[in-house]
Amino acid sequence: MSAFYREKVLSVRHWTDTLFSFRATRDSGFRFQNGQFAMIGLEVDGRPLLRAYSMASANHEEQLEFFSIKVADGPLTSKLQRIREGDTILVGRKATGTLVTDNLLPGSRLLLLSTGTGLAPFASLVKDPDVYERFDSIVLVHGCRQVSELAYGEELVARLRDDELFGPLLQEKLLYYPTVTREPFRNRGRITDLITSNQLFDDLHQPALDIGTDRIMMCGSPAMLEELKQLFEARGFEEGANHKPGHFVIEKAFVER
Ligand code: A2P
């Protein structure tokens, strides 16, 4: 048995010069937990060329979705960005990762902190009814340099707000906070600064960070993750892992530079 499923590309959307997303068929045998990643890629010169990608689709969905950057000289993304409907992609059979709700201690507010394509695992998790069962409120934060880079997340949330099942859940529980660092926008600043200054919680009319209630997942640039980890650890939060739940869990966004 091959280590990969061969899936058909169903649609591709280019969001900016550096961001695109695509949907593909999903083998009925491919199982994953929302928030996990798998090895995804293309066959190049008869060999698999793969990178880790978080599933942006939820595990109840029939199709797979991925959200990717484009790197002009990136070994995979320079080619992957040119895929079209009908092309074949490879999907590793085994999904894994730490951004799963079982890796968090019980709590009442879930902070999903992302930059760039680090939004992808949270796109999956905000489509998971179990997340809304476990937490009273979910704060989805997406930080980007430019406003145009927020579009994928903006559309995701707008679509879910219009959804028959998720609309009422989002209305009751989801707070979406897009923020931009390099041009004007209604929310400005780095996630780290927005947390240390309490601006994030003030803007959302939410209580301040509290280890008794807050559980955190983060995915994005390595520098941001390192700073956030230190910030939370200084306040007593402990990192969770598979089979060892904690107050926060981390996954770096799988970027190709
Ligand atoms: P900034 O514009 O101030 O660098 P990138 O595209 O480099 O991955 O960055 C995505 C977003 O993450 C940008 O808004 C960027 O802000 C922010 N960012 C980069 N490094 C850090 C960090 N160490 N802590 C918090 N945010 C960061």
Side-chain angles (χ1 to χ4, degrees), residues 21 32-36 54-63 65 67 97-115 118-144 147 150-180 185-189 191 194-195 197-220 228 232 235 237 240 245-251:
S21 64
F32 64 93
Q33 287 177 265
N34 295 315
Q36 286 188 317
S54 297
M55 272 63 79
S57 45
N59 59 13
H60 63 262
E61 294 183 271
E62 211 177 306
Q63 301 174 352
E65 183 164 326
F67 181 41
T98 55
L99 302 180
V100 295
T101 47
D102 282 345
N103 290 351
L104 292 174
L105 295 164
S108 58
R109 185 169 67 180
L110 177 64
L111 306 179
L112 302 174
L113 309 179
S114 63
T115 58
L119 179 71
F122 304 146
S124 171
L125 281 158
V126 297
K127 285 177 277 194
D128 184 345
D130 177 58
V131 169
Y132 297 86
E133 287 261 314
R134 289 190 194 220
F135 294 93
D136 297 336
S137 60
I138 296 132
V139 181
L140 175 64
V141 185
H142 188 206
C144 291
V147 177
L150 298 172
Y152 179 84
E154 302 258 359
E155 190 176 301
L156 164 80
V157 172
R159 247 191 300 120
L160 286 175
R161 284 204 170 117
D162 285 339
D163 185 87
E164 207 176 314
L165 168 67
F166 285 101
L169 290 176
L170 265 73
Q171 171 76 23
E172 192 193 336
K173 300 197 167 185
L174 188 90
L175 296 163
Y176 171 52
Y177 193 94
T179 177
V180 164
F185 188 61
R186 65 176 187 278
N187 305 318
R188 295 280 322 256
I191 295 174
L194 291 163
I195 290 175
S197 67
N198 213 51
Q199 175 97 37
L200 171 69
F201 303 107
D202 287 345
D203 285 351
L204 294 170
H205 308 292
Q206 281 276 304
L209 189 70
D210 179 352
I211 194 170
T213 53
D214 284 324
R215 301 297 169 256
I216 303 149
M217 293 187 176
M218 41 185 141
C219 186
L228 284 177
F232 291 123
R235 297 174 190 221
F237 287 73
H247 303 99
F248 69 89
V249 284
I250 300 183
E251 203 101 81

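Positions are given from 1, in the same order as the sequence printed here.
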Task: Check against side chain to side chain contact (heavy atoms under 4.5 Å, CB included), I216 and L228 - done: CA-CA 10 Å; I216 303 149; L228 284 177; over 6 Å; no
Checking the side chain of [X] only, and the main-chain atoms of [Y] only, is there a donor and an acceptor separated by less than 3.5 Å?
X: R215; Y: P106; value: yes
X: S114; Y: V141; value: yes
X: N59; Y: F32; value: yes
X: S54; Y: A56; value: no

Nearest atoms (heavy-atom pairs only) where [X] meets [Y]:
X: T98; Y: N103; value: O-ND2, 2.9 Å
X: V157; Y: L170; value: O-CD2, 4.0 Å
X: T101; Y: F135; value: CG2-CE1, 4.4 Å
X: G97; Y: Q36; value: N-NE2, 4.0 Å
X: S57; Y: S124; value: O-OG, 3.0 Å
X: V126; Y: Y132; value: O-OH, 2.7 Å

TODO: Kindly determine whether F232 and L209 satisfy side chain to side chain contact (heavy atoms under 4.5 Å, CB included), including the steps that lead there.
DONE: CA-CA 10 Å; F232 291 123; L209 189 70; 3.7 Å; yes
[atom2] on [Y] to [atom1] on [X], rounded to 0.5 Å:
X: D128; Y: F122; atom1: CG; atom2: CZ; answer: 13.0 Å
X: Y176; Y: L156; atom1: OH; atom2: CG; answer: 8.0 Å
X: L200; Y: I191; atom1: CG; atom2: CD1; answer: 8.5 Å
X: R161; Y: L169; atom1: CZ; atom2: CG; answer: 12.5 Å
X: F166; Y: K173; atom1: CZ; atom2: NZ; answer: 12.5 Å
X: L175; Y: F201; atom1: CG; atom2: CZ; answer: 10.5 Å

Task: Trace of the side chain to side chain contact (heavy atoms under 4.5 Å, CB included) decision for K127 with L160 - done: CA-CA 8 Å; K127 285 177 277 194; L160 286 175; 3.7 Å; yes
With the side chain counted from C-beta on, respond yes when [X] and [Y] share a heavy-atom pair under 4.5 Å apart, and no when they do not.
X: Q33; Y: D102; answer: yes
X: L111; Y: M217; answer: no
X: P245; Y: L104; answer: no
X: E154; Y: H142; answer: no
X: L113; Y: I195; answer: yes

Task: Intermediate values then yes/no, salt bridge (Lys or Arg N to Asp or Glu O under 4.0 Å), R235 and D214 - done: CA-CA 12 Å; R235 297 174 190 221; D214 284 324; over 6 Å; no
TODO: Compute the centroid of each ring, for Y152 and then for F67, and state whether the two points are separated by less than 6.0 Å.
DONE: yes
Open item on the list: Taking the basic N atoms (NZ, or NE/NH1/NH2) and the acidic carboxylate oxygens, is any pair closer than 4.0 Å for D163 and R159?
Closed with: no
Open item on the list: For D203, is there an ion pair with R188 - N to carboxylate O distance below 4.0 angstrom?
Closed with: no
- [ ] Measure up the H247 and F237 rings against each other and bin them: parallel (under 30°), tilted (30 to 60°), perpendicular (over 60°).
- [x] perpendicular
TODO: Apply side chain to side chain contact (heavy atoms under 4.5 Å, CB included) to L110 and S137, showing your working.
DONE: CA-CA 6 Å; L110 177 64; S137 60; over 6 Å; no
TODO: Establish, from distance only, whether the side-chain atoms of T179 and N187 form a donor-acceptor pair under 3.5 Å.
DONE: no
